[in-house]
Structure formats: C-alpha cells, structure tokens
Amino acid sequence: MSTLAHTMMTAARSADSGLAGPGELDRYPYAEAPMADRVAAPAWEGADSDLGRVGRRAAGSRGRGLHGQLVQQLGQMIVSGDLGADRPLVPEEIGQRFEVSRTVVRESLRVLEAKGLVSARPNVGTRVRPVSDWNLLDPDIIEWRAFGPQRDDQRRELNELRWTIEPLAARLAAGHGREDVQQRLVDLVEIMSHALAQGDALTFSRADVEFHALLIQVAGNRMLDHLSGIVSAALQVSGGPATGCERPTEASVAQHARIVEGLGSGDGAVAEGAMRQLLTVHPEVERVVPAPREH
C-alpha cells in the first residue's frame with residue numbers, strides 16, 4: 001500500500017471517530033478498494049508525521065474546494081520531502097486515492113507546475129522537481145515549508161529577508177505623506193494595543209499583517225510592493241521565534257507606534273530604526289543583516 005493511500009485511510013478513520021489521527025491530512029472521503037482492483041501505485045515512502053499538523057493548520061486558514069484542497073495536499077507532501085524529486089505523479093492513482101475527478105487532478109497539477117513543484121513532459125509524465133526549481137517566494141510554498149521539516153530554515157530565511165525588505169520600506173514610506181494611509185496605520189496600532197489588553201492574539205495578528213503590508217505598499221517602490229505578499233505570508237506562519245511580531249507584547253506595539261511617528265514626521269531614519277528594532281528577534285539574524293551605518 002502506498003504512503004499516500006495509508007495516509008488517506010488514517011484520515012478517513014479519524015473522521016469516522018471524530019478524532020484527529022496523528023498523521024491526519026485534510027479529510028477526504030476514502031474507502032480502500034479491494035486488493036484485486038487497486039491501481040499499482042508508486043512507492044511513496046517516508047511519510048512525515050508533521051505533515052498532518054501542516055494540513056490542519058494551513059487548510060484551516062482558507063476556504064478551499066476539492067481543487068484547492070488537492071493542491072494543498074500534494075504541495076505539502078512535495079515540500080515536506082514525502083514525495084521526493086523526480087518521483088512520478090500518476091494522475092489516475094491520485095484521482096483514485098483522493099476520490100476526485102480527472103479534471104480536479106489535472107488543474108491541481110497545473111497549479112503545482114506554475115509554482116515550480118512539478119513538471120509535465122510528453123512521454124515522461126508528471127514528476128516532482130528539485131528544490132532548486134521551486135518558486136520559494138510563493139506564499140503557499142512559504143507556508144508549507146514553515147510547517148514542514150524545513151521549518152527552522154524557512155523561518156530564519158524569512159526573517160533575514162524581512163530585514164532586507166521592511167526597514168527600507170519604512171524609510172521610503174516616510175517620504176510619502178498620505179494622510180489616509182497615516183491615519184489607517186495609527187488606527188492599526190490602536191487596534192493592536194486594544195487586542196493586547198484583551199488577550200486577543202487573532203485580532204492583533206490581523207492588524208499586524210495589514211500594518212506591514214500597507215507600509216510596503218506606500219513605500220513607492222513597485223518591486224518592493226510585489227514582495228508584500230511574502231511579508232504577509234511570513235507573519236501568518238506563526239509558531240516560531242523567527243517570524244518577528246507573532247507574539248503580542250507592549251514592546252512590539254511601542255515599536256509599531258514609533259514607526260508611525262517616523263512616517264508622520266517624515267523622518268525615514270526613525271521609521272527604519274524602529275522597524276529594525278521590531279524585527280530584532282535573534283542576535284544571529286542581526287549579525288547576518290547588520291543595520292546600516294549612520295552618516
């Protein structure tokens with residue numbers, strides 16, 4: 001029996017019992033076919049027990065139909081290493097195991113191909129591509145890596161990338177005196193402060209994500225604006241110390257407020273410095289991306 005089939009059986013049994021099994025993925029109706037009727041499946045070995053936690057966490061944050069759920073399932077399995085590079089993905093076998101139509105399988109594989117996770121070629125079929133071909137800046141891949149075996153590397157890399165993007169964005173945004181944006185940022189700081197007092201981590205997180213995305217968007221640099229989705233994805237993959245602002249604290253609210261003050265006064269250095277303070281989570285990150293010298 002393939003690893004994929006075993007995983008899906010576990011999910012079905014857990015759904016029947018109302019309990020989440022240790023390797024549970026998103027729940028699909030699954031009933032194993034009789035031995036004589038099974039399609040020969042590739043040997044997809046090496047399932048990671050963390051994959052179940054990935055599926056529950058990630059899929060729970062989005063409303064997904066069968067197509068989106070299958071993309072999520074297969075994407076997680078590829079990124080986790082459960083489906084290694086150059087492994088064949090047989091559409092018929094996928095459709096049978098997940099009980100979805102050929103159309104759903106075909107469209108899902110196209111999405112994964114656009115993300116660089118798989119390639120489809122005539123006379124070769126669909127195969128998993130090596131990590132070097134993946135679009136590592138894709139928000140879905142960021143999320144899948146952040147909850148898979150590569151979680152520590154992903155969170156460190158994200159924080160280092162944010163150190164490059166966000167202080168610059170804060171400095172640039174200080175030169176754009178849009179009153180509506182300034183007021184919205186002030187409001188978001190107030191929302192975070194109130195959420196902190198109420199112990200409402202979810203509201204804090206949502207305001208935090210909007211704050212950082214808006215700041216990048218008003219920096220006036222289209223290339224930076226294109227990267228705002230990366231920052232949003234980084235903030236949403238909470239659960240590790242390298243993601244930045246995922247732990248609501250009075251200090252983080254104060255730094256957000258100082259960023260807004262820098263923007264309001266047009267002082268880019270103040271806004272940039274406050275952003276760096278906000279993103280300083282681990283000393284090793286600061287060593288990798290040191291703050292610029294003051295002139």
Side-chain angles (χ1 to χ4, degrees), residues 1-12 14-15 23-48 51-52 54-148 150 229 233:
M1 182 187 300
S2 68
T3 298
L4 180 56
H6 179 268
T7 303
M8 296 313 302
M9 287 179 65
T10 303
S14 298
E24 179 187 355
L25 295 174
D26 293 337
R27 291 172 179 169
Y28 287 85
Y30 176 81
E32 187 176 13
M35 183 69 69
D37 296 335
R38 294 180 197 165
V39 176
W44 293 355
E45 303 298 339
D48 191 322
L51 190 59
V54 176
R56 290 195 300 275
R57 181 68 171 271
S61 65
R62 303 189 182 108
R64 295 182 181 270
L66 284 177
H67 163 260
Q69 292 176 17
L70 186 57
V71 169
Q72 187 84 358
Q73 297 286 350
L74 295 177
Q76 290 167 350
M77 297 182 81
I78 292 170
V79 170
S80 72
D82 191 26
L83 301 180
D86 207 37
R87 288 294 181 88
L89 299 178
V90 183
E92 292 78 8
E93 194 273 343
I94 294 173
Q96 179 186 13
R97 301 304 183 188
F98 286 86
E99 291 194 346
V100 293
S101 68
R102 290 184 178 182
T103 300
V104 170
V105 174
R106 182 172 60 250
E107 294 302 317
S108 298
L109 291 177
R110 285 180 180 174
V111 172
L112 294 176
E113 185 173 18
K115 297 177 184 294
L117 295 179
V118 305
S119 62
R121 291 179 292 174
N123 303 320
V124 176
T126 302
R127 291 181 176 271
V128 177
R129 297 171 71 174
V131 178
S132 57
D133 292 341
W134 298 356
N135 178 9
L136 295 177
L137 299 183
D138 182 278
D140 280 333
I141 294 180
I142 289 174
E143 181 178 280
W144 297 336
R145 290 186 71 207
F147 292 104
Q150 306 169 29

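Sequence positions, counted from 1, serve as the residue numbers for this chain.
- Rounding to the nearest 0.5 angstrom, the gap separating the CG atom in Leu66 from the CZ atom in Phe98 is 11.0 Å.
- Residues that satisfy the side-chain hydrogen bond (donor to acceptor under 3.5 Å, both in side chains) test with Gln150, not counting sequence neighbours, are Arg145.
- Taking each heavy atom of Pro130 and Ala85 in turn, the nearest pair found is CA-CB, 4.0 Å.
- To the nearest 0.5 angstrom, Gln76 atom CD is 11.0 Å from Leu83 atom CG.
- By the side-chain contact (heavy atoms from CB on, under 4.5 Å) test, Val111 is found to be paired with His67, Val71, Lys115, residues two or more places apart in sequence or in another chain being considered.
- Looking at every heavy atom in both residues, Leu112 comes nearest to Trp144 through CD2-CH2, 4.3 Å.
- In this structure, CZ on Arg97 lies 15.0 Å from CD on Gln73, to the nearest 0.5 angstrom.
- With sequence neighbours left out, the side-chain contact (heavy atoms from CB on, under 4.5 Å) criterion links Ala120 to Glu113, Thr126.
- Annotation: side-chain contact (heavy atoms from CB on, under 4.5 Å) contacts of Pro122 (sequence neighbours excluded): none.
- Residues passing the salt bridge (charged side-chain N to carboxylate O under 4.0 Å, His left out) test with Arg106: none are found, sequence neighbours excluded.
- Side-chain contact between Leu117 and Ile141 is present, with at least one heavy-atom pair separated by less than 4.5 Å.
- From Arg129, atom CZ reaches atom CD1 of Ile78 across 11.0 Å, with rounding to the nearest 0.5 Å.
- Partners of Arg127 under the side-chain hydrogen bond (donor to acceptor under 3.5 Å, both in side chains) rule, at least two apart in sequence or in another chain, do not exist in this structure.
- A pairwise comparison of heavy atoms in Leu109 and Ile94 identifies CD2-CD1, 4.5 Å as the closest pair.
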